[in-house]
Every structure is written in structure tokens, then in C-alpha cells.
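Indexing begins at 1, ligand by ligand and atom by atom, following the structure's order.
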Amino acid sequence: MINVGIIGFGTVGTGTARILLENSDVIEEKTGIRINLHSIADLDIERDRGLKVPPGILTREVSDILDNPDVDVVVELIGGIQPAKDFILRALNNGKHVVTANKALLATDGGEIFEAAGRNSVSVGIEAAVAGGIPIIKVLKEGLVANRILSIYGIINGTSNFILTKMTEDGIDFSDALSEAQVLGYAEANPALDIEGFDSAHKLTIISSLSFGIPLSYDKVHIEGITMLTPQDIAFAGELGYKIKLLAIAKAVNGEVELRVHPTMIPESYLISKVDGVLNAVYVVGDAVGETLYYGRGAGDMPTGSAVVSDIVDIARDIKNKGASRCGTGFIGKRSDLTIKAIGDIESMYYFRFTALDRPGVLSRISGILGDHNIGIAAVIQKGRQAGAAVPLVVLTHRARERDVQKALQEIDRLDVVADKTAFIRVEGEEVQGLND
Ligand code: HSE
């Protein structure tokens, strides 16, 4: 029998406890191991979570779990950096295995945690930290272990995806869509983590390290959120045959890795652009397997609990078999030869929305500057004649270098015929047949 102590009786803690209480029989049938919910620690042990737990397992004292010799696996589900980090290190130093859903902590302090686990010969299970119920950690560490991973594209923040879906379907503003997400309880306690792209970047940090062997590199991820997107850009993207998604992208390109989170236009025909609402998806390309796609619930009590329990079961199997760890660091930090590309060095296609005065010659001035910076135009949309007034002028480009794009936009935004800062969105997919092709 393996004894599990959970720290944090919130949404995921409740889901994990429910699964352990309701599914331990089937897990035992599958694995031959009894997983026992030994204890749950939380500051609030009075609140009704809609779950009947056996008497005597709730405690307000984390030491009842962290320092209890009977507990084999500590599950950390309080989130945030501290005191979660101290609890995890204390558990590891006490010789206990740890399972955590704490993506922010792993992305920033994972190195120290894995080092402590190694020193104490115990495991750290992290499946629940990325994309909730989608077993993407297992996919990268086990299912696709035979591959060199070439690229990953993830919709890995359900809140942002819900907001973008609402803006697309209902034509509403960002702030109205965010309010709906908050009412429905999807957003993190601090919604900036979701809408500014930080949560996606935490998750990308973890899966890119597992995929490419780079150290956990959160501070090198280029991060842009969705707060600047307008229903107008979403509508123009639709007219051009694209959906806008907050994508987390990791690509290996010529000995370098691109790590970036930003709103991205994806062709409507791609499967991943059909991933709507709070759902998550991760598209992984391996050199042997080719393209693969994983889809499911990226948050919530039971989906995330499902991932937590899968790690507990893996650790239980290791304990039973006295075997090597299935959880833990995998490929993280094993390679030092790959550098992370600066955002200025990436190449992409781009969508620009200029706010230009409706005067003769404006398009040629703008396209002249784009041409000077080696940026080819693939499509143009201009609507709404209002002589002398500012109107949106939309341009889709061929593949261009980001540094050139930034310089061109700075020049264009200084033109007297341009009335506002230009909106730009990076575009994925096949090159569009161009005006000059
Ligand atoms: N706030 C996160 C999301 C929860 O919206 O996906 C899961 O990490």
C-alpha cells in the first residue's frame, strides 16, 4: 500500500481526493497496488467541498504530512512559489516522493527541486503542471522518446482560449470576454497569468526542456498576451481564412530553439484552430512519428486530478518494482549546445493593421517601407472609404525577419499619414500566394 498526503484542498486537491477515494479499486485492479489517501492538509478544513472524506484525514498542519514517516508521496496543490517551494523541498529532503501541478514553481525553480530530488533518490511527478488532463509529459518522455522533437505548438491556457473563442463567436471586446471567464471561474486568481501569456510560458518552459533537453529557460521565453487583440483583428483574420489563438511555440531551428508565446493567426483548416473554449491542445512534431495532436481539458478538478493520480501510480509502481523513476527530470537540462533564439532573429509571416489616412499614395508609401526592409506583401484589405479620415489597412506578408519587421513598423508609425500604432500578429501556416508571385 502506498500512502498519499495532499497539501491544498482546493479545486485540484478535491478532484485528486475524489479520484483516489472513488477509483482506488480500479487502479488496484490495473496495477496490483493499493493507493491510500492518508491525509489532506489545508488551512480551511471546514468548508464543504461536496466530497465526503473518511474521518481523521483532514489536518491544518502540513507537518502531519511532510514529517510523517507513514506518508510515501506528498502531493503539492497549493500553487504559487512560496510556501509551496519550501514544502516540496522539505518533503524531498525527508525522502518522500512529490507530485505537483505547480507550473510557475517548476518553470522558475524546477532546477533546484529536481536537484533535491536527485540528491534524495526520490521522484517529482509533474504531469499535472502542463495541459491538465492531457498526458503530454508522458507523451514527451515515453511515447515519443524515440524521436528528435522538431516543434511543439500548444494552446495551453484554457482561459485565454475561452476569451478568444468568445471574442470570435460573439464579436465582443476583450474585457467583456474576460469578465465572462471570471464569472465562470476559469481564470487564475491573478488573471494576468492567463491573459498576459505567463501561464502558457510556464508550461512551455517545462515541455520545451523535456523535448529539447535545454535547461528550464522561463526567462528566455518571448511572451505576449492577448489583451491588445480587438474584435476587428479577429474579423479581418477570419476574412483572410485564419483563426487567432494564443500559441505557445517551441521549435528547433538550425541548432537553436525558438521559445515564444503570442497571439498567432492559424489557417482555419488546421485541426488546432478548431480547439475552442477552455479546451487545450498540443501539436508535437517528431522526426520519426511526424505530426501528432493531443486534445483535452487543460484545467479543472477531475482532469487535473487525473494527471496527478497518474503520477502517484507511476511512483507507486516504481516503489513496488524498486525500479528506475518514471517521474522526474527526463531530458531536462541534458543538452548545453542549444541556444535560445532572440525574438529579433525569428522568421514568420505577419498580419499588419495600419491605421492610415484614406489619401492617394498612402499604400505605396507603406509598401515602399516594407519593401526597403525585405518584407514582401501577400495580401491587402482596405475597407470603408472615408476621404481624409483614418481607415484600417490590412496587409498579410510573406516570411520576413522579425527585426526587419520591427524596424519597418517603427518607420511606418512615424508617417504623417498613419494615425495610430500599427497592430501586428504573427502568422503560421503555408506561405500565401503573393501579389507579386
Ligand atoms: N488558468 C489555467 C488555464 C489553469 O486557464 O488554463 C490551468 O493551468
Side-chain angles (χ1 to χ4, degrees), residues 8 10-16 19 75-81 84 99-108 110 125-137 152-168 174-175 177-208 210 216 218 221 223-227 229 244-249 261-264 272 275-283 294-311:
T11 305
V12 181
T14 305
T16 301
I19 294 170
V75 179
E76 181 277 307
L77 296 172
I78 55 176
I81 304 300
V99 173
T100 177
N102 196 330
K103 56 248 162 156
L105 177 61
L106 289 167
T108 54
I126 60 172
E127 185 63 73
V130 182
I134 303 175
I136 190 66
I137 302 293
I152 304 176
Y153 297 81
I155 296 175
I156 46 180
N157 182 266
T159 304
S160 306
N161 204 41
F162 174 85
I163 291 171
L164 293 177
T165 303
K166 275 275 150 197
M167 289 175 73
T168 306
F174 168 79
S175 52
L178 171 62
S179 305
E180 267 197 57
Q182 283 176 312
V183 168
L184 291 167
Y186 296 139
E188 298 277 332
N190 171 8
L193 288 174
D194 297 303
I195 61 181
E196 301 288 0
F198 303 131
D199 178 75
S200 294
H202 289 143
K203 296 166 180 166
L204 183 71
T205 299
I206 298 167
I207 52 178
S208 61
L210 275 174
L216 293 158
Y218 177 68
V221 182
I223 309 171
E224 292 170 29
I226 59 169
T227 56
L229 289 174
I244 301 179
K245 296 288 181 191
L246 181 67
L247 270 200
I249 301 174
V261 171
H262 51 69
T264 310
I272 199 165
V275 175
D276 283 332
V278 286
L279 282 146
N280 281 201
V282 188
Y283 172 86
Y294 311 91
Y295 169 84
R297 298 208 163 269
D301 55 349
M302 298 300 271
T304 313
S306 160
V308 168
V309 175
S310 85
D311 275 345

Review point. Side-chain contact, heavy-atom cut-off 4.5 Å: Ile134 with Ile156?
Key: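 Counting from C-beta outward, Ile134 and Ile156 never come under 4.5 Å.
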
Review point. Taking the side chain as C-beta and beyond, is there a heavy-atom pair between Ile163 and Ile195 under 4.5 Å?
Key: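 When only atoms from C-beta onward are counted, Ile195 and Ile163 do touch, with a gap below 4.5 Å.
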
Exercise for review: Walk me through it: do Leu247 and Val261 pass the test side-chain contact (heavy atoms from CB on, under 4.5 Å)?
Suggested key: CA-CA 6 Å; Leu247 270 200; Val261 171; over 6 Å; no

Point to revise | His262-Thr264 side chain donor-acceptor pair, cut-off 3.5 Å | key: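 Yes, side-chain donor-acceptor contact under 3.5 Å.
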
Throw together a table of side-chain donor-acceptor distances under 3.5 angstrom for residues 298-306, partners on residues two or more places apart or in other chains.
residue : atom : partner : partner atom : Å
Thr304  : OG1  : Gly300  : O            : 2.8

Practice item. Tell me the residues surrounding ligand 1, counting only those with a heavy atom closer than 4.0 angstrom, sorted by chain and number. Key: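 Residues near ligand 1: Lys103, Asn157, Gly158, Thr159, Tyr186, Glu188, Asp194, Asp199, Lys203, Gly298, Ala299.
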
**Study point:** Pair Ile207-Ile152, side-chain contact (heavy atoms from CB on, under 4.5 Å): steps then yes or no
**Key:** CA-CA 9 Å; Ile207 52 178; Ile152 304 176; 4.0 Å; yes

